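Okay, structure first, notes after.
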Amino acid sequence: MQPDTDNAYEALIQFLYRAPIGLVQIRLDGTIEMLNPMSASLLIPLAKDGNLENLFYVLATVAPLLCSMATHFAAPTGVICESLRVDLGAIAAIESGPQFLSISLLKLDANRLMAVLGDATFEMQREQETLARRLNSAARTDALTQMPNRRAVQEQIGFMMARPNAAAHGEFAVLFMNFDRFRQINDTLGNAAGDQLLTEMAERMRAALRPPSNHTALASSPSQMAARIGGDEFVVVLDGMRRPGGVESVARRLLEAIGKPYRISGHEISCKVSMGIVLGAEASGDADAVLRDASIAMAQAKRDGGGRYTLFEASMRELAARRGDIECDLRRALQENQLFVLYQPVVGLLKEGRIDHSVGVEALVRWQHPIHGVVSPLEFIQIAEECGLIGAVGDFVLSKACSDFVQWQSELGAIAPRLLAVNLSRAQLAQPGWIDTVIKILQSSGMHAQHLQLEVTESLAAQDQQVQARLHELKALGIKLALDDFGTGYSSLASLHLLPVDTVKIDRSFVSQGDTSHHHRILIEATVKVARSLGMDTVAEGIETQAQAAVVRQLKCDKGQGYLFSKPLAAAALVQWLTATQETIC
Ligand code: C2E
Ligand code: MG
Ligand code: MG
């Protein structure tokens, strides 16, 4: 060998000797021929009695297959195994040394192998940490929207509540959002469309919270977390809100962004959002308590018509508890027949000085509560809607009223009421298969569809295409429709022609002032005229005095209803009333 080549070879040997990886040259049977200090230090803790004669023996307990892998490797040279990770954790003697060994085995020629050993402890720890981080973040992420989930929100609120600085309490807020008709969309368009809607909503939420592009990184900005905590429930947690009114301006921005129509599977969907807000200063209890308070305020926003936000107040908690009691008792009421129906007569006003007492009746539900006595529908109908009991309540009223009506017709003949009005609620119309239930009730009671009038409120009737389609289906059956409480909602005479109704019921709040307020008289008159021009008739609700009756009659209202004529009556009392009042001169 030339001197230069000798030097280079010597340098290589020196390098391999000092290299920070373990190198071991062995024979095919594992007998060690050469090893560098690094490999000796890695192997000593594994070697019984410090014996480093055979690599396969040394590694027998931690890598038992190494020997057979080498024996069965047929090629003359090549890689037998690469970066095989061996767990040394079970070997007591190496508690302070490497926990994982990485082993590569190369065949150099027909007689020799080279093992490359390394300490893989750090690498393995890093991998395990990455995996744990990934699992951890999956446990805090909603799979559909990739937003933080309930757990992440709970942690964030818990963190904010635990801060000792009382002033910081005033700077956070929890905004709880729920979509007003999400279940209906899921039921009618399918779950995939529902998922798409949620994903788009999440995106709009993120965009609404993003700081404007001219926002510099230096400006101190509040922190914001938008999360999906279940079904159609989203939560935004704001922190560092120092500006007065800042929370409410974020709330308005969110409601506006999410409330705009969506285009899903070829359908345009309008989906209002209701929001409940707990301000840090009002927050108490743990994270779950704060979320529950925010959802109580959200439910209030929904009851107030939806598409709005409501700030939580402590008094709402008691109300929510009462609603919870009513819900629980109502389930029992249905099973134990505590509900019953009263009938309020509707009279004809325009029969040449006479009142026609047989025009119709309106069925009004009541609840005989074992402790609270008779409960008004105003207290429980909305709760029944929210907790899914309205279907059962509504079906009970409809079938009881239809069978009573048919009985009066056969018993009373000419003096029997000619029309039966039954109130409908929004949730009934949304129930799949509800039209079939109506048909069944008509058939089983023997009621003719043209004698039935279903009453809906304006906000319900004007709602959306699906509700309108349902109303048209009812009309196609021959059932009449009335617009109840006209004048209370966003009543608009201009859009009356868009609604498929036969009758407009003018709300008591107008009628009760008809004789004292010129303004209300004008409104009643305009309603009667527009309704007439559209071929609809009118009913004045809540007539309590002769003066009110005189006004609505003068303004050509077709029918009237109110305590002046009769309060709502039980079926038997109604029969007596009809018999006693026939053709009374007014
Ligand atoms: P509504 O359909 O507008 O019914 C008329 C309400 O006005 C009834 O109250 C009736 O008792 C009351 N009323 C009638 N005349 C007068 C009057 O001269 N003065 C006063 N102060 N009140 C009068 P009620 O029975 O408490 O029902 C309240 C509301 O509850 C109803 O308003 C209706 O929206 C709803 N409701 C009643 N029964 C049912 C039902 O079976 N299903 C559904 N979905 N809603 C119902
Ligand atoms: Mg009504
Ligand atoms: Mg009404």
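Throughout, numbering of the chain's residues begins at 1 and tracks the sequence. Counting convention: from 1, in listed order, for ligands and their atoms alike. Nothing here was measured: the structure is a model prediction, and the numbers come from that model.
Summary of contacts: the protein heavy atom closest to atom 34 (O) of ligand 1 is N423 OD1, 4.2 Å. For atom 39 (C) of ligand 1, the closest non-hydrogen atom of the protein is V365 CG1, 3.7 Å. For atom 5 (C) of ligand 1, the closest heavy atom belonging to the protein is E541 OE2, 4.1 Å. The shortest contact between atom 31 (C) of ligand 1 and any protein heavy atom is with L364 CD2, 4.3 Å. The nearest heavy-atom contact from the protein to atom 7 (O) of ligand 1 is Q344 OE1, 5.0 Å. The protein heavy-atom contact nearest to atom 35 (C) of ligand 1 is P377 CB, 4.3 Å. In this structure, atom 29 (C) of ligand 1 lies nearest to the protein heavy atom L378 CD2, 3.7 Å.
Taking the six-membered ring where tryptophan is involved, the planes of H448 and H451 are perpendicular, since the angle between them exceeds 60° and thus also 30°.
Counting heavy atoms closer than 4.0 Å to ligand 1, residue I381 contributes side-chain atoms (C-beta onward) but none from N, CA, C or O. In K505, neither the side chain nor the backbone holds a heavy atom less than 4.0 Å from any atom of ligand 1. Contacts between K567 and ligand 1, counted as non-hydrogen atom pairs separated by less than 4.0 Å, are absent for every part of the residue. Under 4.0 angstrom from ligand 1, the non-hydrogen atoms of D484 all belong to its side chain.
Results of the side-chain contact (heavy atoms from CB on, under 4.5 Å) test with I441 over I439, T437, V438 single out T437 as the only residue that passes. When each of T581, T579, V575 is paired with I415, the side-chain contact (heavy atoms from CB on, under 4.5 Å) condition holds for T579 and for no other.
Atom-to-atom distance recorded for R508:CZ and I543:CD1 is 12.0 Å, nearest 0.5 angstrom. Between the CE atom of M275 and the CZ atom of R252 there is a distance of 10.5 Å, given to the nearest 0.5 Å. The CG atom of L474 sits 5.0 Å away from the CH2 atom of W434 when rounded to the nearest 0.5 Å. With values rounded to the nearest 0.5 angstrom, L424 atom CG is found 10.5 Å from Q453 atom CD. Atom CZ of R263 is separated from atom CD of E268 by 6.0 Å, given to the nearest 0.5 angstrom.
For ligand 1, the atoms sitting less than 4.0 Å from at least one non-hydrogen atom of V397 are 41 (O), numbered in the order shown with element in parentheses. Taking every non-hydrogen atom of S425 and a distance limit under 4.0 Å, the qualifying atoms of ligand 1 come out as 44 (N). Distances below 4.0 Å separate heavy atoms of E362 from the following atoms of ligand 1: 1 (P), 2 (O), 4 (O). For ligand 1, the atoms sitting less than 4.0 Å from at least one non-hydrogen atom of D485 are 3 (O), numbered in the order shown with element in parentheses. The distance from ligand 1 to the heavy atoms of E544 drops below 4.0 Å at these ligand atoms: 17 (C), 18 (O), 19 (N), 20 (C), 21 (N).
Atoms of the protein (N, O or S only) found under 2.8 Å from the Mg ion (ligand 2) are E362 OE2, N423 OD1, E455 OE1, D484 OD2.
For the pair V174 and I277, the minimum side-chain heavy-atom distance is 4.5 Å or more.
For P568, the heavy-atom gap to ligand 1 drops under 4.0 angstrom. The shell of residues lying under 4.0 angstrom from ligand 1, judged by heavy atoms, includes R366.
You'll find the ring centres of F234 and F179 inside the 6.0 Å limit. In this structure, the ring of Y343 has its center no less than 6.0 angstrom from the ring center of W577.
Proximity of atom 20 (C) of ligand 1 to the protein is indicated by at least one non-hydrogen atom lying closer than 4.0 angstrom. Under the 4.0 angstrom criterion, atom 9 (O) of ligand 1 counts as lacking any protein heavy-atom contact. Under the 4.0 angstrom criterion, atom 44 (N) of ligand 1 counts as having a protein heavy-atom contact.
A salt bridge links E525 and K529; the closest N-O separation between the charged side-chain nitrogens and carboxylate oxygens is under 4.0 Å. Salt bridge E203/R206: present, at least one basic N to carboxylate O contact under 4.0 Å. Electrostatic pairing of D356 and K559 does not count as a salt bridge here, judged by no charged N lying under 4.0 Å from a carboxylate O.
In the displayed structure, R332 atom CZ is contacted under 6.0 Å by at most 12 heavy atoms of other residues, nucleotides or ligands.
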Chi angles and distances behind the side chain to side chain contact (heavy atoms under 4.5 Å, CB included) call for V236, L254: CA-CA 10 Å; V236 168; L254 279 165; 4.0 Å; yes
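Here atom 22 (N) of ligand 1 lies nearest to Y563 when heavy atoms of Y563, F396, F380 are compared.
For the pair R418 and F405, the NZ or CZ position fails the cation-pi test of under 6.0 Å to the six-membered ring centre and within 45 degrees of the ring normal.
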